Amino acid sequence: EQQAFYNCSSLASVTMNNSVDSIGSYAFCHCTSLETITIPDGVTKIEECAFYDCLALASINMGSGITHIGQSAFFNCTSLTSINIPNSVTCIAGSAFSSCVGLTAITIPHAVTSIGNKAFYNCHSFSSITNEAVLPPTLEGGDSTFYNVSKSIPVYVPCDAVETYKIGRIGLLHRLH
């Protein structure tokens, strides 16, 4: 449901049951004490701004059914240091992880075909980016997808896909390893 726990500043952890199939827009927005969340396998979509500004969010256990991470879903989750994006995800919308300044690395699963504008904007703590897809995902924002991410970090892609990435329009090509 939209705005289900909006601005519940004392909410510290959430475990959802298997009947939940999506996390609504702004569902946990501004839950500044939320530290951990477990998302069941039945959830297929995380809507826009679902966890926007959850400053204490440090741990997310994402279920294997998620296919879409919405616009600004985890925007400004500054305590988040790592995230395991499930292999089922096909779309990471714009600003999904913007300003998650604690994230140190990201692995983009092989099924992701589209990454939105500024999806990883201002994730300046990245030490590496790994993309498991053989075909490069479409970057809706071009180079702004990874704006303010150090240009000196490596980007890893499958060995048999390096040439495809060089030909395709994908930001950070100069970092391929």
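Side chains included, hydrogens not; waters and symmetry mates left out as well; all remaining heavy atoms used. These figures come from a predicted structure and were not determined experimentally.
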Would you mind writing out the side-chain donor-acceptor pairs for residues 104-119 within the sub-3.5 Å range, not counting sequence neighbours?
unit_1, atom_1, unit_2, atom_2, d
T113, OG1, T90, O, 3.4
S114, OG, E140, OE2, 3.1
N117, OD1, S144, OG, 2.4

Show me, pair by pair, the donor-acceptor contacts under 3.5 angstrom made by side chains of residues 26-36, not counting sequence neighbours?
unit_1, atom_1, unit_2, atom_2, d
H30, ND1, D53, OD2, 3.1
S33, OG, S9, O, 2.5

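At least one side-chain heavy atom of I37 sits less than 4.5 Å from a side-chain heavy atom of M16. Contact check for N17 versus P40: no side-chain heavy atoms found under the 4.5 Å cut-off. For the pair P137/N131, a side-chain contact is recorded, criterion being any heavy-atom separation below 4.5 Å from C-beta on.
Among all heavy-atom pairs drawn from Y52 and S72, the shortest one is CD1-O, 3.9 Å. Shortest non-hydrogen contact noted between T78 and S99 is CG2-O, 3.8 Å. Nearest approach of C100 to F74, heavy atoms of both residues: SG-O, 3.1 Å. Closest heavy-atom contact between I83 and I60: CD1-CD1, 3.7 Å. Counting all heavy atoms, side chain and backbone alike, S127 lies closest to P154 at O-CD, 3.3 Å. When every heavy atom of I92 is checked against every heavy atom of F120, the shortest pair comes out as CD1-CZ, 4.3 Å.
Residues that satisfy the side-chain contact (heavy atoms from CB on, under 4.5 Å) test with H68, not counting sequence neighbours, are K45, C91, A93.
Put simply, I85 and F146 are part of the same group of oily side chains (I, L, V, M, F, W, Y) that touch within less than 4.5 Å, one to the next.
For D41 (side chain) and S64 (main-chain N/O), a donor-acceptor pair under 3.5 Å exists by modelled atom type. Although no hydrogens or angles enter the test, the distance criterion places a donor-acceptor pair under 3.5 Å between the side chain of S79 and the main chain of L55.
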